Student: 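Would you mind keeping the following structure in view while I ask a few things?
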Amino acid sequence: KQEVTQIPAALSVPEGENLVLNCSFTDSAIYNLQWFRQDPGKGLTSLLLIQSSQREQTSGRLNASLDKSSGRSTLYIAASQPGDSATYLCAVTNSGNTPLVFGKGTRLSVIA
Amino acid sequence: DTGVSQNPRHKITKRGQNVTFRCDPISEHNRLYWYRQTLGQGPEFLTYFQNEAQLEKSRLLSDRFSAERPKGSFSTLEIQRTEQGDSAMYLCASSSLPGQGFNYGYTFGSGTRLTVV
């Protein structure tokens, strides 16, 4: 059974810092990995999708990497801003026919 | 099409009542998923449809829960005889089929917040 762990559970940084969020998964035979952002009381917004054949994806100040063999992904946020404050969720699917399995998320606070 | 739409946004109900939620997916998406999320936890899978067929149900989906997607478009999730433990955010997502495009990712709606009092 696939399990996803996200460390740290919470993180507080001053504005302008670069930061890394970590995600690990127990079954490395994944189909893809997706990073989401969730604001309090809201739904999920997709940030980046990495296919199993890819090593990284970039969107603006965000960069997600994938190391399938070690069962790890990182989300790098450059020059953090208060507007980045949210919970970041990592999720994987093991095949095209199995649903996404989520971690519990990392709650990020960026202090102005 | 602006994304996945869920209604209502909030629902407060008394214990023992039945509730029904609706999800309208992205029209080109064949797959529709229901998840449940409680405070401080990640979303937990409940069930998913491919077109009108319900392909998988989680053990979390007790007999009091039923989901339908009658014409392969919108879906409903009904909870009968609600309990306080059913209080959660219910999230709907949709996706294309794998191989149907390179970007096989999920798009989520804003969720329905259920409070059982």
Side-chain angles (χ1 to χ4, degrees), chain A residues 1-10 21-26 29-54 57 59 64 66 73 86-108, chain B residues 2-7 9-10 21 23 25-26 30-50 53-61 88-115:
Chain A
K1 177 189 169 188
Q2 178 71 271
E3 293 182 0
V4 179
T5 302
Q6 291 188 244
I7 294 173
L21 307 181
N22 296 292
C23 171
S24 62
F25 41 94
T26 54
I30 64 168
Y31 184 80
N32 65 34
L33 181 147
Q34 205 165 350
W35 281 94
F36 295 88
R37 168 186 172 138
Q38 186 174 34
D39 293 293
K42 306 292 186 183
L44 279 62
T45 301
S46 180
L47 298 173
L48 290 164
L49 170 72
I50 309 179
Q51 302 289 349
S52 61
S53 58
Q54 297 176 314
Q57 282 285 339
S59 176
L66 174 63
S73 175
T87 295
Y88 291 81
L89 292 154
C90 169
V92 299
T93 179
N94 279 90
S95 79
N97 297 312
T98 54
L100 278 178
V101 176
F102 283 83
K104 293 184 178 181
T106 294
R107 190 173 67 254
L108 173 66
Chain B
T2 57
V4 178
S5 176
Q6 291 189 247
N7 287 288
R9 293 295 304 277
H10 303 276
F21 310 139
C23 172
I26 292 174
N30 298 94
R31 288 194 173 166
L32 185 149
Y33 308 82
W34 285 100
Y35 282 77
R36 181 176 73 184
Q37 186 180 27
T38 53
L39 201 61
Q41 302 296 313
E44 296 173 295
F45 169 73
L46 293 178
T47 188
Y48 89 93
F49 294 83
Q50 181 166 310
Q54 189 172 17
L55 294 190
E56 188 173 341
K57 292 193 289 188
S58 159
R59 286 173 298 171
L60 293 175
L61 212 66
M89 173 79 89
Y90 290 84
L91 295 161
C92 176
S94 68
S95 75
S96 58
L97 293 176
Q100 215 175 32
F102 193 63
N103 185 20
Y104 171 63
Y106 288 28
T107 301
F108 277 83
S110 299
T112 294
R113 166 77 62 191
L114 173 66
T115 302

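Just so we're clear, the structure is a prediction, and the values are computed from it rather than from any experiment. In what follows, every chain begins at residue 1, and chains take the letters A, B, ... in the order their sequences are listed.
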Student: Chain B: which of A:V4, A:L44, A:T45 shares the most heavy-atom pairs with it under 4.5 Å?
Tutor: A:L44
Student: Does CZ in A:R37 sit with more than 12 non-hydrogen atoms of other residues, nucleotides or ligands closer than 6.0 Å?
Tutor: yes
Student: With rounding to the nearest 0.5 Å, note down the distance linking OG in A:S46 to OH in B:Y106.
Tutor: 12.0 Å
Student: List the atom pairs, donor and acceptor, that lie under 3.5 Å between side-chain atoms in residues 37-45 of chain B and the rest of the protein, sequence neighbours left out.
Tutor:
unit_1	atom_1	unit_2	atom_2	d
B:Q37	OE1	A:Q38	NE2	2.8
B:Q37	NE2	A:Q38	OE1	2.9
B:Q37	NE2	B:Q41	O	2.9

Student: Looking only at atom types and distance, does a side-chain atom of B:E56 sit under 3.5 Å from a main-chain N or O of A:T98, one as donor and one as acceptor?
Tutor: no
Student: To the nearest 0.5 Å, what is the distance between NZ on A:K42 and CG on B:L91?
Tutor: 13.0 Å
Student: Please confirm whether the ring centroid of A:F102 lies under 6.0 Å from the ring centroid of B:Y35.
Tutor: yes
Student: Tell me, for A:L100 versus chain B, whether the close heavy atoms (under 4.5 Å) come from the side chain, the backbone, both or neither.
Tutor: both
